[in-house]
Amino acid sequence: MIDLEETATHTGPKGVINDWRRFKLESMDRENLPPAKKELLRQMSSPNKSKDDSRANLNRKMSVQEYELLKEEDEGCLKKYRRRCMEEMHSKLSFGPKFDGVHNLDSGEDFLEVIEKEHHSTVVVVHIYKVGVKGCEQLNSCLDCLATEYPTVKFCRIDAVSSGAAERFSDEYLPTLLVYKAGELIGNFLACTQHLNEEFFATDIEAFLNSYGLLPEKELPGVDDEEENDVE
């Protein structure tokens, strides 16, 4: 098939057309094509031509036969092509590390370290809680769920007693959510559950943080997930 150096996505109308043509050729089921179409596909692929010839082949106008071949089953292939473009763009816009689960901070030193030394693009959400205080245990469960949905966000929790801040964070101020980025406090929510219903879920915490613009875009689902949703 076409040289790998030619597979990068290009901008501009001609680049988009060529990139779509390339993607369509690569995604076809060659084994089940009739002989005539296999031969046409071989000619379109031009595997024995030089790099310059391959570039010229990509930039030439489509023949009627090529057009007929490429337009078949366009809808499904177009969805995959669009998904690939979105994933490439998402990958380019995604910076910083990824995390797994909620991190437990055992001391005030751990608290300061995670704020000061984390990557400048990382959002750090810290839950200050206390065992036995209403809403703290439920909020911890919600953050466990959100940590799987937002792997680029560093979710942490620390017991107010362990942090040495039990006097500053008395029971009436708990649970508290603090949000940091690049070492700066960008969200400070004391007794945050007072803004929620008595029974709340991870989606409620997500909506609450999103209302202040504190969470990044979610990870994109895979192509298979999108196709399954389309079928439903």
### Query
Looking at side-chain heavy atoms only, is the closest gap between E118 and P97 below 4.5 Å?
yes
### Query
Mind checking what makes ring pair (Phe, Tyr, Trp, His ring centres under 6.0 Å) contact with F208, not counting sequence neighbours?
F189, H195, Y212
### Query
Would you say L209 and V102 are hydrophobically clustered, going by side-chain heavy atoms of ILVMFWY under 4.5 Å?
yes
### Query
Rounded to the nearest 0.5 Å, what separation is found between the NZ atom of K154 and the OG1 atom of T122?
8.0 Å
### Task
Of all the heavy-atom pairs spanning L105 and I158, show the shortest one and how long it is.
O-CG1, 3.3 Å
### Message
Show the nearest heavy-atom pair for residues C136 and H127, with the distance to one decimal.
### Response
O-CE1, 3.4 Å
### Query
Is T193 reaching over with its side chain to a backbone N or O of L196, donor-acceptor style, under 3.5 angstrom?
no
### Which atom of K130 lies closest to which atom of D159, heavy atoms considered
CA-OD1, 4.4 Å
### Query
Can you get from F99 to V125 by hopping between Ile, Leu, Val, Met, Phe, Trp and Tyr side chains that sit under 4.5 Å apart?
no
### Query
Who are the side chain to side chain donor-acceptor pair (under 3.5 Å) partners of K181, not counting sequence neighbours?
none
### Message
Is the shortest side-chain heavy-atom distance between L139 and L177 below 4.5 Å?
### Response
yes
### Message
Does any part of the side chain of H103, heavy atoms only, come nearer than 4.5 Å to the side chain of V114, both counted from C-beta?
### Response
no
### Query
Looking at L174 and I128, what are the two nearest heavy atoms and their distance?
CD2-O, 3.4 Å
### Query
Side-chain contact, heavy-atom cut-off 4.5 Å: I186 with Y180?
no
### Query
Heavy atoms, side chains only, cut-off 4.5 Å: are T152 and H119 in contact?
no
#### Entry: Close side-chain approach of L185 and I115, heavy atoms under 4.5 Å
no
### Query
Under 6.0 Å from the CZ atom of F200, do we count more than 12 heavy atoms belonging to anything else shown?
yes
### Shared hydrophobic cluster, L143 / V179 (ILVMFWY, side-chain heavy atoms < 4.5 Å)
yes
### Message
So, using ring pair (Phe, Tyr, Trp, His ring centres under 6.0 Å) as the criterion, who are the partners of F155 when residues are at least two apart?
### Response
none
### Query
So do Y150 and V123 actually touch side chain to side chain, heavy atoms under 4.5 Å?
no
### Query
Hey, are the side chains of E172 and Q194 touching, using non-hydrogen atoms and a 4.5 Å cut-off?
no
### Query
If you look at every heavy atom in C142 and I205, which pair is closest and at what distance?
CB-CG1, 3.9 Å
### Cluster link F111 to V124, ILVMFWY, side chain under 4.5 Å
yes
#### Entry: Candidate pair E198 and K134, rule side chain to side chain contact (heavy atoms under 4.5 Å, CB included), full reasoning
CA-CA 10 Å; E198 184 173 353; K134 183 179 180 180; 3.6 Å; yes
### Query
Applying the 4.5 Å side-chain criterion to the ILVMFWY set and letting contacts propagate, would F201 and L146 be lumped into a single cluster?
no
